[in-house]
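See below for the structure under consideration.
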Amino acid sequence: MTAGVIAPGSVLGVLGGGQLGAMFTVAACRLGYHVAVWDPDPDAPAHRVATHSFPFSFTDQQVLTRFADLVSVVTYEWENVPVELCRALEQRKPVRPSSAILSVIQDRIAQKNFLATNGFSVPPFAALASPDQLLSTVRQVGFPALCKTATAGYDGKGQWRIPHESDIPEVEQAVLESARPDMRWIVESLVSFERELSILVVRGSDGQSCTYPMVENEHEEGILRATMVPAPGSSAVADQAAALAIQVVDRLEGVGVFCLELFHLPTGELLINEIAPRPHNSGHYTLDVCTVSQFEQQVRVICGMPLGEVRLLSPAVMLNLIGDDAVSLMKGEGCRTLLDIPGAVLHLYGKHVIRPRRKMGHVTFLGETLGLALDRAKQFRDGLASGPPASG
Ligand code: AMP
């Protein structure tokens, strides 16, 4: 094998065992690798498909030694894994993307500063060190605004909208009540975008990169609900997004799979909302309609293998199954109704407990045209909205 290449048969380490870790594990197993999953939650979905399970605290030093001894390379399935753990593992084995990149990305203030100082367009923002400075900080970006925790927020958690100055006291109180020691926040201008877009980019250690088609996303209460691929509209925007994604990840010198979440403004401008240093929910369609999925790319790139060809084989709509959406599907009849829709590909994550806002699975609807895929997704969504089908 070429130097630096990690051969099939080796053990790949992944921090975090949610659905992204599980899909990475399945992709790695298909390529002949073994995977060690480290996630403190013994019920985390990836443990059921891993060769080696580490259901232990991320601060356990003995586990760290065992894990580092076992694996050839380490990656992570989301950005909120402890950066100190990545740094410690990096002393022993390669971590891809690196802990330095993780530390920039997992802190929204550091990430926005990185983007802004490198000339990339982001919504106006200002750092907030203490809730009692909320008013003066919001005045720097203007109303309406949004306050977010600088770290550990996801899927709209830890976010407060501030439409008017009169909302300041209520939001200040809410921020104060959720505050933990050393917590910081970022205040952003609330952007009136026309639509939300995202794009995946893969970059190898040799600096080669490739992008996936740009997609359009629909969110509900800060959580991704649906993704359309390819994003409707002009191909000039898609070209602009692809060039931007490559420039950002080049500037980061990132090795791995990244996703840029973008706001498309009525002026045509693209603003970067955030960067994910890992496969992304809006890229799940790649499992069913691309020559090489985002998870296989993650395996290839961390192992020093060539990047896979990216080709979209069919238009598609990906619909997330959130909270109670899964109730009828986890009963036989709802599942039968869904699987009867032509072009519907179901992924259930095997989570035992259904909670509001929890991602339980997703469905990819394929169609010869995007219009047909949208019709099929709508047929299913209408069924979800009208409640679970009668049993019997
Ligand atoms: P985030 O956790 O930053 O990805 O935010 C979750 C969702 O909140 C985004 O997908 C947007 O729908 C919305 N959002 C976040 N930041 C802004 C912003 N500055 N302006 C408008 N909407 C936003």
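Whatever order the structure lists ligands and atoms in, that order sets their numbers, starting from 1.
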* **Contact atoms of ligand 1, heavy-atom distance to Lys148 under 4.0 Å** => 3 (O), 15 (C), 16 (N)
* To do: Kindly determine whether Glu196 and Glu218 satisfy side chain to side chain contact (heavy atoms under 4.5 Å, CB included), including the steps that lead there.
  => CA-CA 7 Å; Glu196 289 191 74; Glu218 176 194 327; over 6 Å; no
* Under 4.0 Å from ligand 1, counting heavy atoms only, is it the side chain of Leu146, its backbone, both or neither? -> side chain
* To do: Measure the CD-CH2 distance between Gln106 and Trp78 for me, rounded to the nearest 0.5 Å.
  => 10.0 Å
* Numbering as shown, the atoms of ligand 1 that approach Phe193 to under 4.0 Å (heavy-atom distance) -> 21 (C), 22 (N)
* So do the side chains of Gln298 and Glu296 get within less than 4.5 Å of each other, counting heavy atoms only? -> no
* **Within-cut-off N or O pair, Pro123 and ligand 1, under 3.5 Å** => no
* Could you check if a side-chain atom of Leu134 sits within less than 4.5 angstrom of a side-chain atom of Val138, using non-hydrogen atoms only? => yes
* Provide the closest heavy-atom pair for Cys86 versus Val81 in the form atom of the first, atom of the second, distance. => SG-CG2, 4.2 Å
* Is it the side chain, the backbone, both or neither of Asn273 that has a heavy atom closer than 4.0 Å to ligand 1? -> side chain
* To do: Counting heavy atoms only, name the option from Glu196, Glu218, His219 that's nearest to atom 12 (O) of ligand 1.
  => Glu196
* May I ask you to check whether over 12 heavy atoms, not counting those of Asp324, lie within 6.0 Å of atom CG? => no
* Asked: Gln19 pairs by side-chain hydrogen bond (donor to acceptor under 3.5 Å, both in side chains) with which of Lys351, Lys359, His284, His362?
  -> Lys351
* Asked: Can a non-hydrogen atom of Ser189 be found less than 4.0 Å from any atom of ligand 1?
  -> yes
* Structure fact -> Heavy-atom proximity to atom 7 (C) of ligand 1, picking from Pro124, Ser282, Gly158, Gly222, points to Gly222
* Just going by heavy-atom distances, which of Arg161, Gln159, Glu261 is nearest to atom 6 (C) of ligand 1? -> Gln159
